[in-house]
Amino acid sequence: MRDLAKHCRSNASESSIKGELATSSLGFPASFSQTIPPKRIITVSELTGLLRSSIEEQFSDIWLEGELSNIRAPASGHVYCTLKDKTSQIRAVLFRSSAIRLHFALQEGLQVIVRGRLTVYEPRGEYQIVLDAVEPKGIGALQLAFEQLKERLAAEGLFDQDRKKPIPAFPRRVGVVTSLTGAAIRDILAVLRRRWPALHIVIVPVQVQGEHAGRQIAEALIALNGLSSVDVIIVGRGGGSSEDLWSFNEEIVVRAIAASHVPVVSAIGHEIDITLADFVADFRAPTPSAAAEVVVPVLAEILDRLRELKVRMGQVMIRRCASERQRLDADIREVVDIRFRLQESAQRTDDTVDRLHKMVQQLLRSWREQVHEVQGDLSHLNPILAIKQGLATIPQFSKRLDGQMGVILAQHRHRVHATLAQINSLSPLAILGRGYSILHTTPSGRVLHRAKDVEVGQELEAQLASGRLNCIVTRVLDDSSV
Amino acid sequence: MAAVKFETAMARLEAIVGELEKNDLPLDESLKIFEEGIRLSKNCLKILEEAEHKVEVLVQDKNGKKRIHAYSLDDEADGPFP
């Protein structure tokens, strides 16, 4: 908008020049008549040269409005095009040195206001306008450049939401890319210090407007990314015209922000100023002060929060302990109760045991009495008594036995004597006593019954009633031979 | 690193308080995380107390060498970077 206003002012100031041009062009043939003598034949080159100097002199600085067409941009960097309106056209050239100062791209059909000088291209005898500046009509050049670049970078996805990195809640080190002379740095430092008085801030001073600003800002971002442990970067400047803020629309800056590993908060101008850096930043703060607020929390609040959390933890634990204590008390009561019941039971048990003991004693006593009784009964049946009684009868029996035995013995003795006398009478010895002898073979001692049992010459023994005789058989006389 | 430590410590502390307030952990578990919470809050406080305020300026000299020096108001000539 500012651009347009400027152009309006410029146009207004040019109107007087246009007026002069108009009058001088009326006198154009007159000047020819002065410089070329009548009837003098001149060459094409001379004519062209004359036209050229005349045109260049009179149209040295004009403003022209028209539509761009036939745009050609060869490798030389010069741009050629045609400016036209409904009925006429003029060739135009934008030399490289001017072309590179353009912020926006020339487009077919674009309505432009240009500033330049007329010249004649002698080899072709064509007049053309050499452009110094081109402004899009309706919107400013910067605005158009902004739209064009924004469209291109958006198509690349540089402004996508899912590219945005989260801003750390508690940064320790904050990088700031801005000018040291502006109000922005003061605002940022003041807010940072007020909110979080224990912060490590690294400022990278850069120009924030002018030819070198874009490159410096981009390199500052790269440098901060190269430092270790920078948690977040604020990049920005204070308010200014849209030209002043232009550096933050430069592609090199947008790309450097996009490439930053460290989250970037943009803080450019005022709330209403939006640059491409704002689009690509991980967070867009409306002003430098706001950026500082976004970047750090209020230390006092965090301390409060810490205290609150600690208090809440304590309260929870106190409540918890109280309820556990209650439960414990209930448990203890129950335990006491149980102990009481146990003691009761123990007492009852003691009683019972006591009673049992007494009962057992009683039982034992009665049993013992019964045993005594039975023992008394048994004593009558004691076998020892019987034995003793038996033993008492033994001498009596023995005496009787003795008497009886004497009689029996005398009888037997008598019978033995008689038998012995009988046996004695039947003994061979007794027979021998009557003059008989017994013949035995020797040495076998066999008693001889038959003569034929011995042989002549055999020795025999003859037993007599007293002593023995050894005899030799001289002849055997068998009964049959007698 | 400290920033990350502080952030995670704070987050853990918040989680612990939430967990304790739900009151559905066994007592010994509760005591355990309560102790952790107390420890965390002490650590957080310590980190905050130990952090120092420091403002530095990073500049690049003609040879492309980067230097960091303390910031003072005298720095306010727009030291071009680089």
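Every chain is numbered from 1 and lettered A, B, ... according to where its sequence line falls, protein lines coming before strand lines. Just so you know, these numbers come straight off a predicted model, no measurement behind them.
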Residues of residues 259-266 of chain A contacting chain B, heavy-atom criterion under 4.5 Å, by residue number: none
Just wondering, do Val204(A) and Val59(B) contact through their side chains at under 4.5 Å, heavy atoms? no
Test log, rule side-chain contact (heavy atoms from CB on, under 4.5 Å), inputs Ile203(A) and Leu58(B): CA-CA 6 Å; Ile203(A) 306 168; Leu58(B) 173 66; over 6 Å; no
Can you confirm whether more than 12 heavy atoms, excluding those of Lys165(A), are under 6.0 Å from its NZ atom? yes
With a 4.5 angstrom heavy-atom cut-off, could you sort out which part of Leu31(B) is near chain A: side chain, backbone, both or neither? both
Any side-chain heavy-atom pair of Val57(B) and Pro205(A) under 4.5 Å: yes
How long is the gap from NZ on Lys310(A) to NZ on Lys42(B), to the nearest 0.5 Å? 6.5 Å
Would you mind checking which part of Leu45(B) comes under 4.5 Å of any heavy atom in chain A, side chain (CB onward), backbone (N, CA, C, O), both or neither? both
Grab the two heavy atoms, one from Leu20(B) and one from Val316(A), that are nearest each other, plus how far apart they are. O-CG1, 3.4 Å
What part of Arg193(A) gets within 4.5 angstrom of chain B, counting heavy atoms only: side chain, backbone, both, or neither? both
What is the distance from atom CZ of Arg173(A) to atom NZ of Lys54(B), rounded to the nearest 0.5 Å? 6.5 Å
Region of Glu21(B) that comes under 4.5 Å of a non-hydrogen atom in chain A: both
Are the side chains of Leu189(A) and Tyr71(B) in touch, meaning some heavy atoms are under 4.5 Å apart? yes
How close do Ala198(A) and Ala51(B) get, heavy atom to heavy atom, and via which atoms? CB-O, 3.3 Å
Contact class of Leu299(A) relative to chain B, heavy atoms under 4.5 angstrom: side chain
Quick check on the structure: residues of residues 317-335 of chain A within a heavy-atom distance below 4.5 Å of chain B, by number. Met317(A), Arg320(A), Glu324(A)
Contact check, side chains of Leu48(B) and Trp196(A), non-hydrogen atoms, under 4.5 Å: yes
State, yes or no, whether a side-chain contact exists between Ile38(B) and Met313(A) at a heavy-atom distance under 4.5 Å. yes
Quick one: which of Glu50(B), Glu56(B), Glu49(B) has the most heavy-atom pairs under 4.5 Å with chain A, could you say? Glu56(B)
Within the supplied structure, the quantity of interest is the number of heavy atoms (other residues, nucleotides, ligands) at a distance under 6.0 Å from Ile272(A) CD1; does it exceed 12? no
Test Phe170(A) against Thr8(B) for side-chain contact (heavy atoms from CB on, under 4.5 Å), laying out the working first. CA-CA 10 Å; Phe170(A) 304 101; Thr8(B) 50; over 6 Å; no
Is there a side-chain contact between Leu13(B) and Leu306(A) (heavy atoms, below 4.5 Å)? yes
For a 4.5 angstrom cut-off between non-hydrogen side-chain atoms, does His53(B) reach His200(A)? no
Step by step, would you call Ile68(B) with Leu227(A) a side-chain contact (heavy atoms from CB on, under 4.5 Å)? CA-CA 11 Å; Ile68(B) 287 191; Leu227(A) 289 185; 4.2 Å; yes
